[in-house]
Structures are given as structure tokens and as C-alpha cells.
Amino acid sequence: MKKTIRARLPLWLAFCLLPAALLVGCGDNGRENGPPQGPPPMPAVYLPVAPEEIVIHGEYAGRVHGSREVEVRARVAGILEKRLYTEGETVRQNQPLFRIDPEPFAIAEQRAKAEQAAAQAELEQAQRELQRNRLLYEQDAISQRERDLAQTQSQLAAARLALTDAALADARRNLRYSEVAAPIGGITGLESRSEGSLVEPGALLTTLTVLDPVQVHFALPEEDAMRLAKARGSGAAQVTLSPGGASDDKFIGKLDFIDRVIDPQTGTVRARAVFPNPDGLLRPGQLVRVRLALQQLGEVFAVPAAAVGEGRQGPQVLVIDEADTVRVVPVSLGPTTSGRQVILSGLNAGDRLVINGQVALGDGMPVTPIPAP
């Protein structure tokens, strides 16, 4: 009878072969599912760009002034008898404002009239004498000397009459100046001399200010002044004004003066604009904000400032090409306006500009484009 002998593996060998079998099984399973997959492309928010015309503006603090400010002064000496207007009201040109005691000037006018009448009578008498002497001279009744003397008396009488005419005109002018009239129409200020005061010629009585139009004085930085000087004649120098405070009123005016001298202490240039003010909303001394169109740029790109970075070659942006791959594009920068950066060159119409997520992106990286809302 034969015995069957079965080989039995030692226990320690079985434990050694078990991990190998597990590794073989795992390797088979991995080959059935294929190689492991990489991470998906990163998302990139983009904005399609298009060229446009951009107007570069500057904002400055300005102060309102009347377009004309005239001092009203006395032309003759005397007692200020009465004020004929209400302080702060609008007056028209030639409207009476003050009256200086006119009695002395009226008396002077009467005296000048009397002197003129006497001179006129003397002239007429001298002319009659001259006429008689001429006839007598022709008859050899008087000498030539007597005739010449009569002619001289007539000429002197004519000169005295001319003097009295000038004195009468001066007296009438002083009488007229005793009533001080407004040289222009405008807003009156406070009186400088009260009624009953003795005023001398040239004494300041009040001021008149023209409020329509008004002038606004402000200062331009040197760079803006240079930019504006290059753009003059292009129609870019439109000026708008916003009064200080909570008012939303807008005024549109024109720039009428730019100083040619730069202030060495402040580095600014004085400028002035004129604004219509028919309702009188703008007052002299008021602080306002002036917005001035400095430069007009055509066919440029205005992009969010955050989309522009700095590379080794200077300013750059990221653009997504047709294969959804990021490309680094060097650009030439212009000024900034309203939080947007002006791109002068480097971009083309329709480029997909990356505006979000560009920090983690590099040249040649594939991305998942997401249009900006």
C-alpha cells in the first residue's frame, strides 16, 4: 500500500509570499484603468478689449471771482448826504448809489453862469468897438494903433468868454458828480462810508461785482499744463464745474487764460475759466471743483488697472489665445483715467485680456477661459 506524501510550505514562507501576491493584483488593476490623470487647467477670467476714444481729465480746486469787480469812489469832496441803494442788491448801470451834498456845487454853477454872461457882454461890446474903429480908420479919423488896440480888446474878451465856458462846464460836472452812479451793473457790496461822513475825491464808497458770467481761478500741475498745451486746438479743453457741498449742479464753461510762467515755489501754472451764471448760484469766494479735459486719445484701449503687471521687459498683460493658452504681451502705457489704465500699444481688438487670476498664471499655461460678467 502506497502512501501519498503532500508537501506543506513552511508558515514563514507563506507570510512572505502574501504581500507579493497583493502587489501583483494591484498592478493588474492599475493597468486596466490606464495611466493617472493630471489636474484640470486653471480658470482665468477674461475681458474682450476694443479700441475707443478716451478723454483724459484733471480735477482741481478753484475759487470763484466776479468777472468784473469795480470800486465805486467819490469824485468830489463833500458831505455824504444819503445812500440810495440797498446793500447786496443788484443795480443797473448808471443807477444812483449815493448823493453828496449838491448845494455847494449848485452855487458854483450859478457863479460860473454869471461870469459867462459877463464875459459874453464884454465880448459883444469889444466887437462893436472894433467895428467902429475900423470905419474910423478907413476915414483916417483914428490912427492904426487905436484900431489895433480895439482888435486886441475884442480877442481878449473872446478868450475870457472861453475861460468862463470851461468854468461853467467844470461846475456842471461837479454838480453831476455829487450824485454817485453805478459805473456798471452788478451786485453791490457794503458801504464803506456812512451817511453824514465827509468824503474826499477818490474815497471808496462801495464795490460792484458782476456775477454773470463768473471767473474761476485754479492752478494746474506742471505736467498737466504741458499736456494741455500740446492738446490746445484739438477741442479737448472743455471745463465743467461742481460747486462744493451737496449740490449736484453742473456748470459748463471755457478756459480763457493759462499763464506762461510756472510758479517755482509750487510747480503750478495759474489758469482761469469763465462760466455763465444766470441764476447767481455761484458767488465770489466760493470753493469749487474744476474738471478740465486735458487730452483726447483715439483708438486706444482702457483696461482695469489690476490687469497690468510688471515683467522683466516692462509693463505686460496676459492674453488668452485661440488655443486657450496664456500669452504674455508687452504693452506701452498711457495715463490712467477713472481707475482704468490706458494701453497705447500692444493689444489688438478682440484680444481676451486676463483680468482675474493672472497671479498664478504664466506664459504658455493652458487655462479654462471664463468671460467676465
For [X] versus [Y], what's the shortest heavy-atom pair and its separation?
X      : Y      : value
Gly88  : Thr188 : N-OG1, 3.0 Å
Ala307 : Leu353 : CB-CD2, 4.0 Å
Ala182 : Val91  : CB-CG2, 4.2 Å
Glu71  : Leu204 : CB-CD1, 3.6 Å
Gly78  : Leu198 : O-CD1, 3.4 Å
Arg340 : Ala302 : CZ-CB, 3.5 Å

Are [Y] and [X] connected into the same hydrophobic cluster when the rule is that any two of I, L, V, M, F, W, Y join if their side-chain heavy atoms are below 4.5 Å apart?
X      : Y      : value
Ile184 : Ile187 : no
Val210 : Leu97  : yes
Val329 : Val367 : no
Leu47  : Val319 : yes
Phe301 : Ile56  : no

Is the side chain of [X] donor-acceptor paired with the backbone N or O of [Y] at a distance under 3.5 Å, no angle test?
X      : Y      : value
Asp279 : Leu281 : no
Ser332 : Ser345 : no
Glu299 : Glu53  : no
Thr268 : Leu220 : no
Asp212 : Asn277 : yes
Ser178 : Asp101 : no
Asp351 : Asn348 : yes

Can you tell me how far the [atom1] atom of [X] sits from the [atom2] atom of [Y], to the nearest 0.5 Å?
X      : Y      : atom1 : atom2 : answer
Gln116 : Leu161 : CD    : CG    : 6.0 Å
Thr164 : Arg111 : OG1   : CZ    : 14.0 Å
Thr90  : Leu208 : OG1   : CG    : 10.0 Å
Met42  : Met365 : CE    : CE    : 6.0 Å
Ile100 : Leu175 : CD1   : CG    : 11.5 Å

Kindly indicate whether the side chain of [X], heavy atoms from C-beta on, has any atom under 4.5 Å from the side chain of [Y].
X      : Y      : answer
Val308 : Ile343 : yes
Val303 : Leu347 : yes
Phe275 : Val239 : yes
Arg63  : Leu287 : yes

| message | Tell me whether the rings of Phe218 and Tyr60 are parallel (<30°), tilted (30 to 60°) or perpendicular (>60°). | response | parallel
Taking atom [atom1] of [X] as the centre, does the number of heavy atoms from other residues, nucleotides or ligands within less than 6.0 Å exceed 12?
X      : atom1 : answer
Glu87  : CD    : yes
Arg270 : CZ    : no
Arg73  : CZ    : yes
Gln313 : CD    : no
Arg147 : CZ    : yes

| Would you say the side-chain atoms of Tyr177 and Arg75 include a donor-acceptor pair closer than 3.5 Å? | yes
| query | How about Arg128 and Gln125: does a side-chain donor come under 3.5 Å of a side-chain acceptor? | reply | yes
| message | Between Glu59 and Arg291, does the salt bridge (charged side-chain N to carboxylate O under 4.0 Å, His left out) criterion hold? Intermediate values first, please. | response | CA-CA 4 Å; Glu59 290 193 1; Arg291 192 167 189 261; 3.6 Å; yes
